[in-house]
Structures are given as C-alpha cells and as structure tokens.
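Input: a single structure, listed below in structure tokens.
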Amino acid sequence: MPPSEFELIERYFTGRGAVRADVRLSVGDDAAILAPRPGAELVLALDTIVSGVHFPADMNGRLVGHRALAVNLSDIAAMGAEPAWALLGLTLPAADESWLGDFASGLDDLARRFGVALVGGDTTRGPLTASLALAGWVPAGQALRRAGARPGDDLWVSGTVGDAGGGLAILQGRLAAGGAAREELLRRFLLPEPRVGLGQALRGIATACIDVSDGLAGDLGKLCSAGSVGAQLDAAQLPRSEALLATAGEEAALRFALSAGDDYELLWSAPRSARRLIESLDADLPVSCIGAITAAPGLQLRGAEFERDVAHGFDHFAG
Ligand code: ADP
Ligand code: MG
C-alpha cells in the first residue's frame with residue numbers, strides 16, 4: 001500500500017533543518033508557533049520552483065530540495081536578514097519515496113547549514129512544484145532594500161557572474177565543455193550557494209541591494225528603477241571565472257555574465273568611502289567593484305568591444 005499523506009509528512013518533513021529555541025510548535029499541528037525577537041523586524045520571502053521551468057524535469061531530488069531553499073535564502077540574504085523558519089508547499093505527481101528522500105535530505109542539509117527550521121507546509125498531488133516561504137530576522141530599520149542607491153555610489157557584485165548560465169547551457173547542449181571547468185559550471189547551476197553571511201555583513205554599509213537571480217543587467221535595472229537612478233557598468237571589471245572564460249571565450253562569457261540568471265550573487269551599491277571596508281568583509285568570497293551609480297537613468301556598458309546602452313540594447317546580450 002502506498003504511504004498516506006500523514007506517513008509521508010512524518011517520514012520526510014518532520015524534524016528537518018536546524019533545531020531552534022524560538023520554535024514552540026512545529027510540523028504536526030494545524031499551524032506552527034514561533035517566538036518573536038524583541039527589537040527585530042520579520043522579513044518574509046516566498047519563491048516557487050516548477051519542474052521544467054525553473055529546473056530540468058529530470059533533476060535529482062537532492063538538487064531540487066537544495067534549490068527550493070537556496071533561492072529563498074538568496075532573497076533573505078539580499079535583505080540583509082538572518083534566516084530562521086521555512087514553510088514548504090510541495091506538489092508531487094506521485095509519492096516516489098526515493099525521490100522524496102533525496103529532496104528532503106537536500107533541503108535538510110542546506111537548512112541546517114543556515115540555521116533554518118522547517119516548521120510546516122502542505123503536501124498535494126499535481127505537477128512537480130516546490131513553493132517555499134522563508135522567514136528571517138533583521139534588527140529594526142536595518143534591512144537592505146532595492147531602493148536607496150545614490151549617484152556616485154560604487155556598484156559591487158560578489159563572486160563571479162555568468163557561471164550558472166554557462167552550466168545551464170552545458171546541460172542543454174548549447175555549450176561544450178570538459179574536465180574541471182565543466183564540473184565547476186555545472187555545480188554553479190545545480191548547487192547555488194546563497195550569500196547569507198555577506199548580506200548581513202552589508203547592513204549599515206550598502207545603500208541598496210538585490211540578489212542576481214535573473215541576470216546582472218536585468219537585476220541592476222530593478223535596483224536602478226527602485227532608486228530612480230542609472231548605472232555605468234565597466235565590462236572589464238565584471239568578475240568571470242576561469243572556468244567560464246576558458247569554456248565560452250571572452251565575448252560569450254561577458255554575455256553570460258550580463259544576462260544569464262541563476263548565479264544568486266549579491267549586487268549592491270555603497271558610498272566610495274566604504275571601499276576598504278567592503279574589500280575586507282569576507283576573506284573567502286571575492287567582491288568586485290563593477291561600476292558606479294549615475295543620476296541619469298539607464299544602464300551604460302563601458303569597455304566592451306560591442307559597447308552599447310544596455311537599457312536599450314539589453315536583448316542583444318541575451319545568450
Ligand atoms: P491540515 O489538513 O490541518 O492543514 P496537513 O495534513 O496538511 O494538515 O499537515 C499536517 C502537518 O504537517 C502540519 O503541521 C503541516 O504544516 C505539516 N506539513 C504538511 N506538508 C508539509 C511539508 N511538505 N513540509 C513540511 N511540513 C508539512
Ligand atoms: Mg494542510
């Protein structure tokens with residue numbers, strides 16, 4: 001007999017993630033009960049990933065579990081918040097227990113790493129979809145927002161950009177790669193690493209922040225619109241990995257870096273006076289100053305052979 005919904009929840013979604021003192025009641029009742037934190041504001045995000053849309057339909061359950069949480073951790077990171085609790089809405093075509101075990105352990109590993117407790121959710125039948133709501137804390141008034149960038153601010157990005165797009169292109173047979181570079185690009189697409197520590201470190205420093213989920217140029221456009229400013233991007237400063245440059249070449253690497261999604265790096269603005277502070281924030285995660293905020297609206301790309309106004313020519317950069 002296939003397991004009941006109750007048995008599935010008991011087996012795969014009870015006691016997942018971190019053990020937290022502020023969880024009064026978790027999975028198993030009609031709702032969870034959580035203790036608020038004095039002096040803090042609650043930050044909430046929800047992202048849904050759909051099979052065949054946000055991840056390949058044949059993707060391993062472990063990677064889907066990781067991704068469902070990682071994309072939300074990235075949003076919480078972009079707000080400068082500390083993640084705490086998750087609710088999972090899981091829709092499954094069938095109760096495939098081996099897949100569910102993989103999914104739960106992928107989610108569990110990442111949740112423990114970032115101190116997140118899975119406190120509830122809903123399990124339904126239908127096309128494979130994972131919708132996860134994540135709550136976190138930020139000291140009152142200190143959350144980072146998309147709005148707030150000021151003309152003259154530096155523009156920064158963490159890590160390297162374009163790698164996940166390269167990884168997806170490899171999976172889809174649009175880009176040929178081998179050896180360590182292939183592994184590295186695939187890992188960047190399949191196992192996104194949310195920049196949670198960096199987001200919190202940027203509180204009080206960044207004037208605006210967004211996570212790069214839809215491509216740097218597009219997400220920068222959102223940050224600029226929110227602040228009614230523009231930006232000048234220096235193509236030569238865009239951090240691209242050796243793996244991407246070796247695999248795709250200089251020009252394609254630039255296109256991936258500007259317009260491919262799924263990197264889950266942070267993109268933020270900060271006053272020039274904060275340069276040295278920002279460079280010393282995280283020894284393990286390189287950060288790059290890639291341009292500046294301008295009073296004039298629109299995005300301008302400088303230094304590329306095919307220099308254009310990205311705001312008008314954005315589609316030209318699509319891979
Ligand atoms: P109800 O019908 O009262 O909403 P459910 O049977 O849907 O109860 O859920 C029972 C318990 O299991 C609740 O605590 C709910 O939050 C939890 N739960 C259900 N599905 C999931 C899931 N996918 N992940 C985590 N918790 C879940
Ligand atoms: Mg329910």
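Each ligand, and each atom within it, is numbered from 1 in the order the structure gives. Counting from 1, the numbers follow the sequence of the chain as shown.
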From CG (Leu190) to CG (Asn60), nearest 0.5 Å: 9.5 Å
Value rounded to 0.5 Å, distance of CZ in Arg150 from OG in Ser228: 14.5 Å
Proximal atoms of ligand 1 relative to Ile9 (non-hydrogen, under 4.0 Å): 12 (O), 18 (N), 19 (C), 20 (N)
Atom indices of ligand 1 within 4.0 angstrom of Gly28 heavy atoms, with elements: 11 (C), 13 (C), 14 (O)
Ligand 1 contact by Glu5, heavy-atom criterion under 4.0 angstrom: yes
Aromatic plane relationship, Trp85 with Trp137 - under 30° parallel, 30 to 60° tilted, over 60° perpendicular: perpendicular
Heavy-atom nearest neighbour of atom 20 (N) of ligand 1 within options Thr123, Val119, Leu132: Thr123
Close-contact set for ligand 1 against Val27 heavy atoms, below 4.0 Å: 12 (O), 14 (O), 17 (C), 26 (N)
Element-labelled atoms of ligand 1 that are located less than 4.0 Å from some non-hydrogen atom of Leu88: 22 (C), 23 (N), 24 (N)
Atom indices of ligand 1 within 4.0 angstrom of Asp29 heavy atoms, with elements: 11 (C), 13 (C), 14 (O)
Under 3.5 Å donor-acceptor, Ser280 side chain and Leu277 backbone: yes
Joint hydrophobic cluster, Met59 plus Leu132, side-chain heavy atoms closer than 4.5 Å: yes
Nearest-option assignment for atom 3 (O) of ligand 1, heavy atoms, candidates Asp30, Leu8, Leu25: Asp30
Test item: side-chain donor near acceptor, Arg188 and Thr160, under 3.5 Å: yes
